[in-house]
Amino acid sequence: MADDKKLTTRAADFSEWYNELVLRSQLADYSPVKGSMVIRPNGYGIWERMQRALDDMFKATGHQNAYFPLFIPESFLKKEASHVEGFAPEVAVVTHGGGKKLEEPLIVRPTSETIIYHMFAKWVQSYRDLPILMNQWANVVRWEMRTRLFLRTLEFLWQEGHTAHVTEAEAEEETLKILGIYRSFMDDWMAMPVVTGRKTDSERFAGALRTYSCEAMMQDNKALQAGTSHNLGQNFAKAFDLTFQTESGEMAHAWNTSWGVSTRMIGGLVMTHGDDNGLRIPPRLAPIEIVIVPIWKSDEERGRMTEAAMALKAQLTDWTGRGATDRLRVHVDARDGMKPGAKYYEWELRGVPLRFELGPKDLEKTAVFAARRDTKEKQSLAMEGLPATAAALLERIQADMKEAARARREANSIREPISYDRFKEVMAGEGAFVYAGWNADPAIEARVKEETKATIRCIPDEEFRTPNGPTTCMVTGEPAKHQVIWAKSY
RNA sequence: CGGGGCGUAGCUUAGCCCGGUAGAGCGCCUGCUUCGGGAGCAGGAGGUCGGAGGUUCAAAUCCUCUCGCCCCGACCA
């Protein structure tokens, strides 16, 4: 109900809560084309901060940005067998242009491996041309049947990294390095702790040797795959003749990796941190970190308080304690005709991490009244040294949000031995991340999916595994080959 | 593509069964009074009732067709 003052609660209907929150906090809106969406400034502002943080990390590890075109010859997709199979059903095809039927249809990229490795093949002759470490920020199109705002839309924004290496070991190292970058971004910027691990064959990217992913737990205990990193082996190099001459003079195929994160992460942010009052944005990703609400009664007071609020904003934004380019991001809400309380609710809905209320009483005390979005805690803060106090508080909020999310995930994870019967009950009910043994048989994986809708999210990396974990397969009782995480997922 | 809902003002909708001048709440505009947790009063703007056809003196309402959207399942970041 768009004009009810309260959101549908998470407990009442998680899915409805999510939709209302996204629409009402103005992160996004439905577009006239079914399954596609408009990302509004509130949402795009978060994406821009995500981009900046990730882009810095890619650059710091030697990657360069480039841009490859949206249209790809249809024949390219068909060159790598498993890749076609994986993507064919969801590819949009352009058959006409300039009023004429095209000789060869063009596909709208669902991902750019084919065009990129085609071009790499043109650019690489020698081992001296390697590695190539490239990234692009782009939109891609996948014709999904079932769509959700941010989580699955026909078109979405992402970055896709593509690299080419001399050796398999180097490609594997790159794949894992990026997985680590994704993980630290999600942990430290999104305050969304993730489990990293390797995908099973059935969940592997079409055309990859190995796929690794970051898996986050949403508040309905379902998993969200938030980022993937693939070791492509020589599959694409062989399909696109990406060869080079080695130091010893022989010809060899390059080893490739590809990796991506998308605007889907914004959906993850919502479902990790949102509450029944709206969004909660971790400070490092918040386009606005602090909103100042001046409070007045008379017109005279209004002028005085607005002026004081602007002065306070200047005090905060002039501060260079976080570095000259990383200023506090502050907004003053001086709108007239709206009561302070109404403003509080609105900024809470929009997820701004910190609110400063500034009225005559505060001014007398040379203080502001501060309210945290995450915990709702309130306290008076002295103007003296306020920028540093605020910055410290924001860091505290960031850390607390991450820890709260991590604690919630662990509280909803099952690491004790579990019977398959009990597992079915859990998946039919509240859901969980279930750490269990698996005999590595794809048929068992398929059967569990069929019977419970849960899938193996990943074979978790060492540090996430349950120590002295299960040694037998949850379903068959046979010796386990892997410890895996089962969960329902988005 | 199957199943289920729904299209009436920017949003949420009443009216439809039983045809007879299209209503409300919220939002928006103007003014006054308000303003430390979702303001009050007064005035005002805004609708070819998703579209096409039909029945009828008369259609939001009945009939036929059509388009679109949302939700639930099979595929996926």
Side-chain angles (χ1 to χ4, degrees), chain A residues 1-7 13 15-16 18-20 23-24 29-37 85-91 110-111 139-160 182 199 202-206 211 213-216 223-230 258-268 277-278 293-299 301-302 305-306 333-349 355-365 368-369 371 376 378 380 449-450 453 455 457 489-490:
Chain A
M1 301 292 120
D3 65 19
D4 275 356
K5 286 186 170 154
K6 287 192 161 62
L7 285 171
D13 186 342
S15 178
E16 181 59 23
Y18 175 83
N19 289 335
E20 282 182 20
L23 295 172
R24 290 174 52 173
D29 201 355
Y30 294 107
S31 93
V33 176
K34 179 185 167 66
S36 58
M37 62 181 244
E85 204 182 313
F87 280 107
E90 55 190 63
V91 164
T111 179
N139 58 338
V140 286
V141 168
R142 298 182 185 176
W143 217 265
E144 303 289 350
M145 299 183 242
R146 199 85 182 69
T147 56
R148 290 290 304 282
L149 292 167
F150 287 113
L151 302 173
R152 178 163 297 107
T153 47
L154 296 195
E155 178 188 0
F156 57 93
L157 305 183
W158 77 345
Q159 59 68 216
E160 49 179 320
Y182 287 163
K199 287 294 197 181
S202 71
E203 299 273 332
R204 199 183 56 213
F205 174 72
T211 289
S213 75
C214 296
E215 302 284 333
L224 182 79
Q225 178 177 303
T228 49
S229 185
H230 316 289
S258 72
W259 27 276
V261 294
S262 72
T263 40
R264 181 181 232 205
M265 290 191 295
I266 297 173
N277 295 310
V293 179
I295 291 156
W296 60 76
K297 290 193 198 304
S298 62
D299 273 353
E301 253 178 22
R302 181 180 164 212
M305 288 307 136
T306 303
D333 184 355
R335 286 176 292 179
D336 195 11
M338 201 172 171
K339 295 183 75 167
K343 294 179 182 177
Y344 302 164
Y345 282 104
E346 184 177 316
W347 292 109
E348 281 167 11
L349 175 65
R355 178 179 75 238
F356 286 170
E357 302 168 17
L358 184 65
K361 293 177 204 165
D362 304 294
L363 215 51
E364 264 174 47
K365 293 187 293 188
V368 295
F369 197 64
K376 297 291 189 70
K378 295 173 189 178
S380 188
K449 182 176 180 181
E450 173 70 26
K453 305 262 188 277
T455 51
R457 298 324 304 153
S489 72
Y490 278 95

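Residue numbers start from 1 in every chain, and the chains themselves are labelled A, B, ... in the order their sequence lines are given, proteins ahead of strands. Computed from a predicted model, the values in this text were never measured in an experiment.
Rounded to an integer number of Å, the gap from CG of A:D333 to P of B:C35 is 18 Å. The NZ atom of A:K6 sits 20 Å away from the P atom of B:U12 (whole-angstrom rounding). If you measure from atom CD of A:E16 to atom P of B:U12, you get 11 Å, rounded to the nearest angstrom. Look at CZ on A:R146: it is 12 Å from C1' on B:G4, rounded to the nearest Å. Between the P atom of B:C70 and the CG atom of A:D29 lies a distance of 11 Å, rounded to the nearest Å. If you take OH of A:Y30 and C1' of B:C11, they are 15 Å apart, rounded to a whole angstrom. One can place CZ of A:R24 at 11 Å from P of B:U12, the figure rounded to the nearest angstrom. Taking atom CG of residue A:L154 and atom C1' of nucleotide B:C69, one finds them 14 Å apart after rounding to whole Å.
Comparing the C1' positions of B:U33 and B:G51 gives a spacing of 48 Å, expressed to the nearest Å. The same atom, P, is picked in B:A59 and in B:A42; the two are 37 Å apart, to the nearest Å. Taking atom C1' in both B:U8 and B:U34, one finds a spacing of 36 Å when rounded to whole Å. Taking atom C1' on both B:U61 and B:C18, the two are 10 Å apart, rounded to the nearest angstrom. With both ends at atom P, the span from B:A52 to B:G68 equals 16 Å, rounded to whole Å. Using C1' as the reference atom, B:C17 and B:A60 are 14 Å apart when rounded to the nearest Å. Of the C1' atoms belonging to B:C29 and B:G10, the separation is 13 Å, rounded to the nearest Å. Atom name C1', nucleotides B:G37 and B:A45: the rounded distance is 31 Å, in whole Å.
Under 3.5 Å, the side chains of A:R457 and A:T455 contain a donor-acceptor pair of N or O atoms.
Across all strands, A:E348 comes closer than 4.0 Å to base atoms (heavy-atom distances). Residue contacts shown for A:L151 include a base, since a base heavy atom lies under 4.0 Å away. Here A:R302 lies out of heavy-atom contact (under 4.0 Å) with every strand. Within 4.0 Å (heavy atoms only), A:E144 reaches at least one base atom of the nucleic acid. Within 4.0 Å (heavy atoms only), A:T228 reaches no atom of the nucleic acid at all. Within 4.0 Å (heavy atoms only), A:T153 reaches at least one base atom of the nucleic acid. At the heavy-atom level, A:R355 lies under 4.0 Å from base atoms of the strands shown. Residue contacts for A:K361: at a heavy-atom cut-off of 4.0 Å it reaches a base atom on one of the strands shown.
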Legend entry - Dot-bracket summary - RNA chain B, pairs being Watson-Crick or G-U whose distances fall under 3.5 Å, with | when paired to another strand: ((((((((.[[[[.)....(..]]]].((((((.....)))))).....[[[[[..)....]]]]])))))))....

Between protein and nucleic acid, restricted to nucleotides 1-3 of chain B and to nitrogen or oxygen atoms under 3.5 Å apart, what atom pairs and distances do you find?
none

Could I get a table of every N or O pair under 3.5 Å where one atom is in the protein and the other is in nucleotides 29-34 of chain B?
none

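The side chain of A:E357 lies closest to B:G36, out of B:G38, B:C71, B:G36. The A:K453 side chain lies nearest to B:A74 when the options are B:C35, B:C71, B:A74. The side chain of A:K378 lies closest to B:G37 when the candidates are B:G37, B:G38, B:C35. The side chain of A:F369 lies closest to B:G36 when the candidates are B:C75, B:G36, B:G38.
With sequence neighbours excluded, the residues that form a side chain to side chain donor-acceptor pair (under 3.5 Å) with A:E155 are A:N139. Legend: residues meeting side-chain contact (heavy atoms from CB on, under 4.5 Å) with A:K297, ordered by chain and number and at least two apart, are A:E301. A:A206 pairs by the side-chain contact (heavy atoms from CB on, under 4.5 Å) definition with nothing, not counting sequence neighbours. With sequence neighbours excluded, the residues satisfying side-chain contact (heavy atoms from CB on, under 4.5 Å) with A:R302 are A:W296, A:T306, A:D336. Residues passing the salt bridge (charged side-chain N to carboxylate O under 4.0 Å, His left out) test with A:E348, sequence neighbours excluded: A:R355. Residues forming a side chain to side chain donor-acceptor pair (under 3.5 Å) with A:D333 (at least two apart in sequence, or on another chain): A:R335, A:W347. With sequence neighbours excluded, the residues forming a side-chain contact (heavy atoms from CB on, under 4.5 Å) with A:T153 are A:M37, A:F156, listed by chain and number. A:Y182 meets the side chain to side chain donor-acceptor pair (under 3.5 Å) test with A:Q159; sequence neighbours excluded. A:S262 pairs by the side chain to side chain donor-acceptor pair (under 3.5 Å) definition with nothing, not counting sequence neighbours.
Nucleotides of RNA chain B nearest to A:S202 and A:T147 differ in position, and the one nearer the 5' end is that of A:T147. Residue order along RNA chain B, read from the 5' end via each residue's closest nucleotide, puts A:I295 first among A:R148 and A:I295.
Regarding contacts with the backbone of B:C71, a side-chain N or O of A:N19 is found under 4.0 angstrom from either OP1 or OP2. Within the structure, a side-chain polar atom (N or O) of A:S15 is placed less than 4.0 Å from OP1 or OP2 of B:C72.
Remark: side-chain polar atoms of A:D362 are paired, donor with acceptor, to backbone N or O of A:G359 under 3.5 angstrom. The closest donor-acceptor contact from the side chain of A:R204 to the backbone of A:T211 lies at 3.5 Å or more, if one exists at all.
Side-chain contact between A:T228 and A:S213 is present, with heavy atoms from C-beta onward closer than 4.5 Å. Looking at A:M265 and A:L224, their side chains never come closer than 4.5 Å, going by heavy atoms from C-beta outward. Residues A:K6 and A:E20 form no side-chain contact, since every pair of their non-hydrogen atoms from C-beta on lies 4.5 Å or further apart.
Evaluation of A:Y344 against the base of B:G37 yields no stacking contact (centre distance < 5.5 Å, interplanar angle < 30° required).
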